[in-house]
Amino acid sequence: MHISTKCSVAVHCLIFIYEYGNVKKVTSELLSLSTGNNSVTIRRILSALKKDGVIVIKFGTGGATLNAPLHEITLYRICKAIEPDFLSKLIGIHAFPSPLCPVGKNIHKVLDLSYQKIQNDLCRSLQSITMEDIMTFYHNI
């Protein structure tokens, strides 16, 4: 299974924005230094979070701040904002089983049923964890 590291970087950025956004201008360059990622990658992540309404970015001077309460920002929302098709990429299914084989001609249906349950469980789990929870974990480390 795969959830992109971009989601982890997005959470890192959101923690940083929450902690420091009211006292300093949080820019992609600053977040790049904090996360160890290229500032272009950070700008793409911030753009996706802005599009979803999670953050706002001041026009002109820059600087990101949160635009949604922590309890409304779930891991699912973050992942979906960063990679809209992440659920469909979680589990790969081999593309060309033989239609002449009794197993091959039915394997996609069998796996789709099984994997859908996994996706549903993961989705519920990601929806149950909020940035409020993450900030609590962060402050209690």
Could you give the distance from [atom1] ([X]) to [atom2] ([Y]), rounded to the nearest 0.5 Å?
X    : Y    : atom1 : atom2 : answer
L30  : S39  : CG    : OG    : 11.5 Å
I73  : I55  : CD1   : CD1   : 9.5 Å
T136 : M131 : OG1   : CE    : 10.0 Å
L122 : C79  : CG    : SG    : 8.0 Å
I91  : S114 : CD1   : OG    : 9.0 Å
L75  : K80  : CG    : NZ    : 14.5 Å

Is a salt bridge present between E19 and K24, judged by a nitrogen-to-oxygen distance below 4.0 Å?
->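 The answer is no: the pair does not qualify as a salt bridge.
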Ion pair present between D112 and K109, side-chain N to carboxylate O less than 4.0 angstrom?
-> no
Mind checking whether [X] and [Y] sit in one hydrophobic cluster, side chains of I, L, V, M, F, W, Y counted as touching below 4.5 Å?
X   : Y   : result
I93 : L90 : yes
I17 : V23 : yes
V56 : V26 : no
I45 : L33 : no

Ignoring hydrogens and geometry, is there a side-chain-to-backbone donor-acceptor pair from [X] to [Y] under 3.5 Å?
X    : Y    : result
T27  : G63  : no
N67  : G53  : yes
H12  : S8   : no
R77  : E72  : yes
H71  : D133 : no
S47  : R43  : no
Q119 : L87  : yes
D52  : A48  : no
T35  : L31  : yes

Does the side chain of [Y] come within less than 4.5 Å of [X]'s, by heavy atoms?
X    : Y    : answer
K117 : L113 : no
K105 : P97  : no
I15  : M135 : yes
V11  : I78  : yes
V54  : L14  : yes
L126 : F86  : yes
L49  : I82  : yes

Closest non-hydrogen atom pair between Y115 and G92, with its separation =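 Shortest heavy-atom separation between Y115 and G92 comes out as CE1-O, 4.3 Å.
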Minimum heavy-atom distance between A81 and P84, given as atom pair plus value |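 Smallest heavy-atom distance, with atoms named: O-CD, 4.2 Å.
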If we ignore angles and hydrogens, is there a donor and acceptor under 3.5 Å between the side chains of S4 and E83?
->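 A pair is found: one side chain offers a donor N or O, the other an acceptor, under 3.5 Å apart.
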Decide if atom CG of D85 counts as having more than 12 heavy atoms of other residues, nucleotides or ligands within a radius under 6.0 Å.
->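 Counting neighbours around CG of D85, more than 12 heavy atoms of other residues, nucleotides or ligands fall under 6.0 Å, so yes.
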